[in-house]
Amino acid sequence: MRKVITFGTFDVFHVGHINILKRARAQGDHLTVGISSDELNQSKKGRAPVYPLSSRMEIIQSLRFVDAVFVEESLEKKREYIQQHNADVLVMGNDWEGRFDEFNDICEVVYLPRTPSISTTEIIEVIREV
Ligand code: C2G
């Protein structure tokens, strides 16, 4: 079995998230998703997520092309997570292009094109203006 792993906050879930998760699953037979803790999102993006971790996990876990979820507590633990989950492939959107190449020694690293014209930040701005 070829196991795939990916990571993200997946806050204010949108079609860009669906697209990357579907394509990640298509890279293998099993998809594990590491979902950023609220604290990690705060440190990455400088704001608390709109949806708390428990809601974001429930949404992702409910998708038919996701097999397992866990909490990503630190960006520094990526090697540990890849090994713990026996991943053969790490998939990330190409906004992270090149950033995880160091894990090429333990798995294949694949960057997929982001879905254009949609992001959590833009959705938050649109709602703010309403
Ligand atoms: N994404 C995408 N298209 C968009 C928006 C997001 O393909 N229009 C992808 C991102 O490239 C990423 C995934 O969806 O692979 C999750 O995006 P975020 O929730 O923004 O994840 P991020 O906060 O970048 O966390 O360890 C890595 C990080 O935790 C990634």
Side-chain angles (χ1 to χ4, degrees):
M1 179 162 59
R2 192 168 144 92
K3 293 187 81 180
V4 184
I5 195 165
T6 192
F7 297 85
T9 309
F10 304 102
D11 191 24
V12 190
F13 196 69
H14 60 64
V15 73
H17 297 143
I18 294 269
N19 288 340
I20 192 115
L21 292 172
K22 263 192 194 163
R23 286 177 296 156
R25 179 62 170 72
Q27 295 278 324
D29 315 296
H30 183 280
L31 175 62
T32 302
V33 185
I35 303 177
S36 303
S37 65
D38 296 339
E39 295 74 18
L40 176 57
N41 189 68
Q42 178 75 47
S43 73
K44 277 190 301 190
K45 313 225 164 154
R47 60 170 165 74
V50 176
Y51 297 165
L53 176 65
S54 56
S55 303
R56 292 183 284 112
M57 288 190 85
E58 203 171 327
I59 291 167
I60 306 290
Q61 176 77 87
S62 306
L63 300 170
R64 67 170 186 273
F65 37 86
V66 171
D67 300 287
V69 296
F70 70 97
V71 181
E72 180 193 31
E73 284 172 337
S74 163
L75 293 178
E76 314 310 319
K77 288 191 180 168
K78 203 154 264 98
R79 180 172 293 274
E80 212 176 289
Y81 294 140
I82 293 168
Q83 286 170 332
Q84 264 171 16
H85 295 278
N86 293 316
D88 302 293
V89 194
L90 166 63
V91 171
M92 289 302 301
N94 62 358
D95 45 326
W96 292 90
E97 187 82 50
R99 294 277 295 278
F100 301 125
D101 288 355
E102 64 188 282
F103 305 121
N104 261 319
D105 60 337
I106 52 167
C107 66
E108 194 181 321
V109 182
V110 175
Y111 304 97
L112 297 176
R114 275 172 70 92
T115 301
S117 314
I118 186 150
S119 75
T120 301
T121 308
E122 281 170 42
I123 295 169
I124 292 171
E125 278 166 19
V126 169
I127 293 171
R128 230 181 229 137
E129 283 162 19
V130 171

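Heavy atoms only: backbone and side chains are in, while hydrogens, waters and symmetry mates are out.
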Problem set entry | Ser36 side chain to Asn41 side chain, donor-acceptor N/O pair below 3.5 angstrom | no
Exercise. Other than Leu75, which residues form its hydrophobic cluster under the rule that side-chain heavy atoms must be closer than 4.5 Å?
Worked result: Leu40
Seminar exercise, completed: Smallest heavy-atom separation, Ala87 atom then Cys107 atom, equals O-CB, 3.7 Å
Exercise. Hey, are the side chains of Val110 and Phe100 touching, using non-hydrogen atoms and a 4.5 Å cut-off?
Worked result: no
Exercise. Honestly curious: do Ile18 and Val4 fall in one hydrophobic cluster under the side-chain, below-4.5 Å linking rule?
Worked result: yes
For this session: Can you sort out the partners of Glu73 under side chain to side chain contact (heavy atoms under 4.5 Å, CB included), two or more places apart, ordered by chain and number?
Result: Val71, Lys77, Tyr81
Exercise. Going only through I, L, V, M, F, W and Y residues with side-chain contacts under 4.5 Å, is there a path from Val109 to Leu112?
Worked result: no
Problem set entry | ILVMFWY network linking Ile20 to Leu63, side-chain heavy atoms under 4.5 angstrom | yes
Exercise. Tell me the salt bridge (Lys or Arg N to Asp or Glu O under 4.0 Å) pairs involving residues 17-38, sequence neighbours left out?
Worked result: Arg25-Asp67, Asp38-Arg56
Problem set entry | Glu58, CD: over 12 other non-hydrogen atoms inside 6.0 angstrom | no
For this session: Carefully, step by step, assess Leu21 and Phe65 under the rule side-chain contact (heavy atoms from CB on, under 4.5 Å).
Result: CA-CA 7 Å; Leu21 292 172; Phe65 37 86; 3.7 Å; yes
Problem set entry | Partners meeting side chain to side chain donor-acceptor pair (under 3.5 Å) with Thr6 (sequence neighbours left out) | none
Exercise. Where do Ile5 and Phe70 land on the side-chain contact (heavy atoms from CB on, under 4.5 Å) test, with the steps shown first?
Worked result: CA-CA 11 Å; Ile5 195 165; Phe70 70 97; 3.9 Å; yes
Problem set entry | Of Ile106, Val89, Asp88, the residue whose pairing with Ile82 passes side chain to side chain contact (heavy atoms under 4.5 Å, CB included) | Ile106
Problem set entry | Partners meeting ring pair (Phe, Tyr, Trp, His ring centres under 6.0 Å) with Phe103 (sequence neighbours left out) | none
Exercise. With the 4.5 Å side-chain cut-off for hydrophobic clustering, are Met1 and Leu90 part of the same group?
Worked result: no
For this session: Flag the pair Ile35 / Leu53 as yes when at least one side-chain heavy-atom distance between them is below 4.5 Å, and no otherwise.
Result: yes
Counting only pairs under 3.5 Å, give me each side-chain donor-acceptor contact of residues 118-130, with atom names and distances, residues two or more places apart or in other chains.
| from | atom 1 | to | atom 2 | distance (Å) |
| --- | --- | --- | --- | --- |
| Ser119 | OG | Glu122 | N | 3.1 |
| Thr120 | OG1 | Asp11 | O | 2.8 |

Seminar exercise, completed: Taken in chain and number order and not counting sequence neighbours, the residues that satisfy side chain to side chain contact (heavy atoms under 4.5 Å, CB included) with Ala48 are Gln42
Problem set entry | Non-neighbouring partners of Phe13 that pass ring pair (Phe, Tyr, Trp, His ring centres under 6.0 Å), sequence neighbours left out | His17
For this session: Would you kindly confirm whether Val15 and Val50 end up in one hydrophobic cluster when ILVMFWY residues are joined by side chain heavy atoms under 4.5 Å apart?
Result: yes
Problem set entry | side chain to side chain donor-acceptor pair (under 3.5 Å) against Gln27, all qualifying residues, sequence neighbours excluded | none
For this session: Please check if the side chain of Ser55 supplies one atom and the backbone of Tyr51 the other of a donor-acceptor pair under 3.5 Å.
Result: no
Seminar exercise, completed: Across all chains, not counting sequence neighbours, the side chain to side chain donor-acceptor pair (under 3.5 Å) partners of Thr32 are none
For this session: Give the intermediate values and the outcome of side-chain contact (heavy atoms from CB on, under 4.5 Å) for residues Lys45 and Thr9.
Result: CA-CA 10 Å; Lys45 313 225 164 154; Thr9 309; 4.2 Å; yes
Exercise. Who passes salt bridge (Lys or Arg N to Asp or Glu O under 4.0 Å) against Lys3, sequence neighbours left out?
Worked result: none
For this session: Quick one: which residue pairs count as a side-chain hydrogen bond (donor to acceptor under 3.5 Å, both in side chains) with a foot in residues 101-115, not counting sequence neighbours?
Result: Arg2-Glu108, Asn19-Thr115, Arg79-Asp105, Asp95-Arg114, Asp101-Tyr111
